[in-house]
Protein chains: 2
Amino acid sequence: MARITRKESHAQTRERLVETAYRLFMADGYNATSLDKVAAEAGFSKGAVYSNFATKTELGLAVLDVLHLERAMSLAAAVLEAETAEDRIAGFAKWADENIGDVGWGALEVEFATSNRNVPGVNNELASRRRLLTAALGDLLEQQATDLGLVLPMPAEDAATQLLALGIGLGLQRAFDPELPVTGIVDQLRSLLERSTPIDPSGR
Amino acid sequence: MARITRKESHAQTRERLVETAYRLFMADGYNATSLDKVAAEAGFSKGAVYSNFATKTELGLAVLDVLHLERAMSLAAAVLEAETAEDRIAGFAKWADENIGDVGWGALEVEFATSNRNVPGVNNELASRRRLLTAALGDLLEQQATDLGLVLPMPAEDAATQLLALGIGLGLQRAFDPELPVTGIVDQLRSLLERSTPIDPSGR
DNA sequence: GTCTATACGGTGATAGAC
DNA sequence: GTCTATCACCGTATAGAC
């Protein structure tokens with residue numbers, strides 16, 4: 001009974017630390033949040049953090065993984081549950097407003113990336129995460145276009161890259177200027193669809 | 001003769017500090033560059049920084065001002081010296097490749113913004129700089145469109161906001177994944193022009 | 001008034017006790 | 001594995017030299 005408690009308790013400690021760091025990083029930022037604060041808020045000492053994560057950077061990567069999974073699932077849910085093309089755009093618009101409009105997300109994402117850009121190995125970690133996200137977004141786009149009987153005006157991955165870049169740029173600027181509207185990205189998506197051509201069943 | 005030396009020397013010190021900080025911030029990042037290093041590299045003590053700038057944040061804002069002016073001028077030059085529409089797009093493409101492709105710029109811009117997002121007053125400073133940049137870019141767009149006899153498919157300022165966001169997003173992702181191509185922003189600009197309509201001389 | 005010298009609180013990281 | 005003690009370093013602040 002107590003045999004698996006060790007590993008379980010370790011995982012629980014790790015999970016609680018990530019969860020606490022997630023909340024604090026989003027609220028106050030990555031650099032402004034000290035490991036001492038994270039540990040104290042989670043009910044541990046700073047040493048507990050270092051027994052679970054080699055560096056603050058690794059804790060940050062773990063937080064980003066949770067964040068990415070969470071947002072990717074909510075985006076997929078928002079789009080996949082709609083039926084008509086307009087409903088899907090509306091679902092995307094709602095998701096964009098709630099998520100890209102969320103000041104904390106974009107800010108945390110880029111603060112971490114830039115603050116760790118000289119840390120060895122981190123760039124590769126972030127690059128692989130970006131490719132994963134872009135591929136997933138591209139698949140979603142392509143699938144949606146196919147469902148609607150459309151052919152995108154450019155490779156789905158390129159469209160995904162541009163939408164992601166636009167989302168990052170808009171979300172980031174909103175971090176210090178909340179008046180900036182997020183609607184631009186919805187316009188872009190709409191324009192992407194308008195520039196799409198109907199699928200030719202003959203294949204050519 | 002030595003009467004103006006005081007103010008001049010002060011201005012020179014300030015200029016040299018900004019210049020040194022510019023170089024180090026771009027190369028190593030904002031957080032990774034200590035004020036001690038900036039001062040030493042410029043040939044001063046750390047206190048000299050403090051006598052010219054109240055905080056590290058203010059030094060960062062001064063660096064950003066120099067950076068913005070520099071890039072805005074180079075963009076205007078790249079676009080305005082061209083004659084034909086295609087030459088202007090080519091000029092923009094070259095500028096985008098050299099500047100948005102520059103890893104340091106986007107990274108510094110957003111690292112500073114996010115790392116200081118809780119510092120009182122900084123958000124307003126950055127927001128006003130963003131509005132200035134957006135307005136200038138919008139004017140440039142509108143002027144170019146008019147010269148080419150085109151009407152943009154959206155307000156010039158909205159187009160500028162989207163292009164700026166896209167540039168930030170692309171430049172930032174290139175900071176940790178240099179393989180990502182910058183061509184997306186040129187495609188966007190081209191698409192913007194393609195969706196423009198000829199000016200109707202009748203006014204309606 | 002501008003710069004140097006020095007000090008303070010707090011940070012990420014490390015070593016060793018339990 | 002977690003905690004305490006400790007380190008080097010950072011941004012900030014002050015006192016004093018010139």
Without decimals, in angstroms, what is the distance between [X] [atom1] and [N] [atom2]?
X	N	atom1	atom2	answer
K37(A)	dT11(C)	NZ	P	9 Å
R16(B)	dC3(C)	CZ	P	10 Å
L17(A)	dG12(C)	CG	P	14 Å
K46(B)	dA15(D)	NZ	P	17 Å
L24(A)	dT11(C)	CG	C1'	16 Å
F44(B)	dT2(C)	CZ	P	13 Å
Y50(B)	dC8(C)	OH	P	17 Å
D36(B)	dT4(C)	CG	P	11 Å

Minimum side-chain heavy-atom gap L35(A)-F53(A) below 4.5 Å: no
Closest nucleotide among dA13(C), dC3(D), dC3(C) to the S45(A) side chain: dC3(D)
Minimum-distance nucleotide (side-chain atoms of N52(B) versus dT12(D), dC3(C), dA13(C)): dC3(C)
Derivation of the side-chain contact (heavy atoms from CB on, under 4.5 Å) call for N31(B) and N31(A): CA-CA 9 Å; N31(B) 290 295; N31(A) 290 295; 3.4 Å; yes
Toward the 5' end of DNA chain C, by each residue's nearest nucleotide, A32(A) or G47(A): A32(A)
Geometric cation-pi criterion K56(A) and Y30(A), 6.0 Å radius, 45° cone: yes
Residue pair L170(A) / I185(A): nearest heavy atoms and the distance that separates them: CD1-N, 3.8 Å
Nearest atoms (heavy-atom pairs only) where A42(B) meets L17(B): CB-CD2, 3.9 Å
So, is [X] close to the [N] phosphate, meaning a side-chain N or O under 4.0 Å from OP1 or OP2?
X	N	result
N31(A)	dT11(C)	no
T13(B)	dC3(C)	yes
S51(A)	dT2(D)	yes

Base dT12(D) to side chain K56(B), donor-acceptor N/O within 3.5 Å cut-off: no
Touch class at under 4.0 angstrom, heavy-atom based, for T57(B) against every strand present: nothing
